[in-house]
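Counting starts at 1 for both ligands and their atoms, in listed order. FYI, side chains are in, hydrogens and waters are out, and symmetry mates aren't considered; it's all heavy atoms of this structure.
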Amino acid sequence: MTNQDTETYRDKVSTIDDEGKRIWVYPKKPKGSYTKAREILAFFLLLFLFGTPLIKINDQPLLLFDILNRKFIIFGLVFWPQDFHLFVLATLSLIVFIVLFTVVLGRLWCGWACPQTIFMEMVFRKIEYWIEGDARNQIALNKSPWTAKKIFKKSLKHTIFYIISFIIGNIFLAYILGVDELFRIMTDPPSEHIAGLSAMILFSGVFYGVFAFFREQVCTMVCPYGRLQGVLLDQNSIVVAYDFKRGEPKGRYTRNQKRENLGDCVDCKQCVEVCPTGIDIRNGTQLECINCTACIDACNSVMKKLKWPTGLIRYASYNGIMEGVKLRFTPRIAGYTSILLALLIITSFFLFGRSPVETTILRTPGLLYQETDEGNIANLYNLKIVNKTHNDRAIELKLKSPKGTIKLVGSDLLVPAGALVESAFFVEIPAKNIFVGQQSIYIEVFSGSELIDEIRSVDQNHLIIVVHTQLSV
Ligand code: SF4
Ligand code: SF4
């Protein structure tokens with residue numbers, strides 16, 4: 001939506017000048033009810049982000065994204081590569097949810113819950129205001145010569161920025177490695193954790209670079225979600241919007257002046273001065289707008305001073321402003337909702353139906369059968385057991401048919417909670433019991449007295465494996 005006849009502002013990014021140089025944004029400190037609400041939400045989200053790696057359920061982390069070992073724990077549920085189908089379904093559901101959410105509520109996520117916005121606006125920017133003052137003071141400081149005071153302020157700011165970046169980097173590592181492993185990296189001799197320490201330094205450096213220098217460019221140039229807004233939003237999407245019907249034609253406010261031919265926008269540019277991405281929302285919905293609501297607060301405070309109704313900039317859709325219509329349940333929304341519901345039902349079905357202990361048996365490749373001294377035919381199998389529960393499991397394999405024995409290579413099978421154990425075993429069958437060249441076998445997997453899995457080589461529908469022993473007489 002736009003109130004301008006020409007849209008030349010769309011030809012370039014607001015923070016890059018005609019020569020392609022960066023225009024540094026000095027947003028004025030926002031104040032108001034929306035900013036307060038965002039501060040409260042940010043506090044709880046930061047608490048969650050920093051506190052979650054420390055929370056354990058049954059000695060397992062609440063959230064873990066161990067990419068290296070391909071093990072994921074989400075709210076206590078353990079996922080392994082064997083659950084890849086769940087990962088695909090959950091990712092599809094998330095994508096459809098994001099699309100639906102954006103179609104209805106625009107970039108609400110960006111303004112209120114995105115970690116980039118929260119860290120930038122609620123942590124780093126606040127420290128900057130505290131050390132260097134509001135926008136005007138920051139501009140003056142940057143233009144001033146390098147005095148002892150300026151060196152002190154800049155050093156203090158960047159030291160604090162790096163320390164916080166280091167903490168953020170470690171928190172992200174804690175989500176990947178687990179807090180115990182992170183503690184080991186910190187306390188063991190550095191030579192034992194070269195990779196871990198390198199990751200720590202790299203993460204800290206990236207976060208410092210992003211929040212000290214790159215800043216809003218992440219949202220306008222890097223973030224794929226931001227780039228998708230053009231195709232996701234439509235005229236019914238609720239976004240931070242300027243009510244051009246009420247505001248135009250804009251004109252400066254003069255005491256006692258009649259505004260018969262003017263709208264309510266007094267062209268004070270307060271909405272522009274607070275914008276952390278350096279845009280003028282009065283031009284219409286733009287790629288750079290992260291829906292941070294700072295301009296709503298700024299404009300509301302101007303309207304309150306003039307004793308005019310607030311909401312000249314507010315959450316609204318284009319159709320809401322043009323026609324005064326509320327949010328409509330459009331066919332597009334109905335379509336995305338149906339797809340999302342279907343995906344959620346399918347994901348739940350697989351999630352709640354999955355086996356707590358999963359066994360995969362594969363015949364060891366490249367090995368022929370062996371004949372033992374007792375007159376048995378033996379084949380070697382590889383075994384993988386994933387224990388997705390919170391209790392250690394002692395596993396026992398029994399050969400149900402044909403008559404024969406299973407001999408484990410190594411000690412008994414004890415699979416710790418949330419862990420994967422690999423082993424191998426021989427299936428030995430008396431040669432007199434084998435009547436065909438390819439003998440199907442049937443193995444039962446027990447945990448204590450509980451039968452937890454059955455593996456039949458003849459069961460073509462078995463999700464894990466079809467075992468062909470290829471025993472020969
Ligand atoms: S236009 Fe308003 S909501 Fe959008 S980024 Fe700027 S201040 Fe935030
Ligand atoms: S803050 Fe409100 S009145 Fe001032 S320029 Fe922006 S839209 Fe117009």
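At least one N, O or S atom of C292 sits under 2.8 Å from atom 8 (Fe) of ligand 1.
Heavy-atom proximity to I281, at under 4.0 Å, picks out these atoms of ligand 1: 1 (S). Of all atoms in ligand 1, listed by their number and element, those nearer than 4.0 Å to a heavy atom of N291 are 3 (S), 4 (Fe). Counting the atoms of ligand 1 from 1 in the order shown, those under 4.0 Å from a heavy atom of V240 are 3 (S). Near T277, with a cut-off below 4.0 Å to any heavy atom, the atoms of ligand 1 are 5 (S). Residue C299 approaches ligand 2 through these ligand atoms, each under 4.0 Å from one of its heavy atoms: 1 (S), 2 (Fe), 7 (S). Annotation for ligand 2: atoms under 4.0 Å from non-hydrogen atoms of K269 are 4 (Fe), 5 (S). Atoms of ligand 1 lying under 4.0 Å from any heavy atom of T293, numbered from 1 in the order shown and given with element: 3 (S), 8 (Fe). Atoms of ligand 2 found under 4.0 Å from any heavy atom of M303, numbered from 1 in the order shown, are 3 (S).
Of the N and O atoms on the side chains of Y225 and T102, at least one donor lies less than 3.5 Å from an acceptor on the other residue. There is a side-chain donor-acceptor pair under 3.5 Å between E248 and Y242.
Which of C268, C265, C275 comes nearest to atom 4 (Fe) of ligand 2 through a heavy atom is settled by distance: it is C268.
Distance alone, capped at 3.5 Å, places no donor-acceptor pair between the D66 side chain and the K71 backbone.
Contacts between I279 and ligand 1, counted as non-hydrogen atom pairs separated by less than 4.0 Å, involve the side chain only. Contact annotation for I313 and ligand 2: only side-chain heavy atoms (C-beta onward) come within less than 4.0 Å of the ligand.
Scanning all heavy atoms of the two residues, the minimum distance from Y315 to T293 falls at OH-CG2, 3.1 Å. For the pair K150 and P145, the tightest heavy-atom approach, listed with the atom from each and the gap, is CD-O, 3.5 Å. Of all the heavy atoms in R393 and E450, the pair that sits closest is NH1-OE1, 3.4 Å. Taking both residues in full, the closest heavy atoms of T220 and E288 are given as CG2-CG, 3.4 Å, listed atom of the first, atom of the second, then distance.
K250 does not count as a contact of ligand 2, since none of its heavy atoms falls under 4.0 Å from the ligand. Ligand 1 does not have V274 within reach: every non-hydrogen atom of the residue lies 4.0 Å or more from it.
A heavy-atom distance below 4.5 Å is found between the side chains of L63 and I74. Residues Q235 and M322 are not in side-chain contact: their nearest non-hydrogen atoms beyond the backbone lie 4.5 Å or more apart.
Looking only at protein heavy atoms, the nearest one to atom 3 (S) of ligand 2 is V266 N, 3.5 Å. The protein heavy-atom contact nearest to atom 6 (Fe) of ligand 2 is C271 SG, 2.3 Å. Atom 2 (Fe) of ligand 1 has as its closest protein heavy atom C295 SG, 2.3 Å. Looking only at heavy atoms of the protein, atom 5 (S) of ligand 1 is closest to I290 N, 3.4 Å.
In this pair, W112 and Y34 present their aromatic rings perpendicular. The plane angle is above 60°, beyond the 30 to 60° band.
A salt bridge is absent between D297 and K36: the closest approach of a Lys/Arg side-chain nitrogen to an acidic carboxylate oxygen does not fall below 4.0 angstrom.
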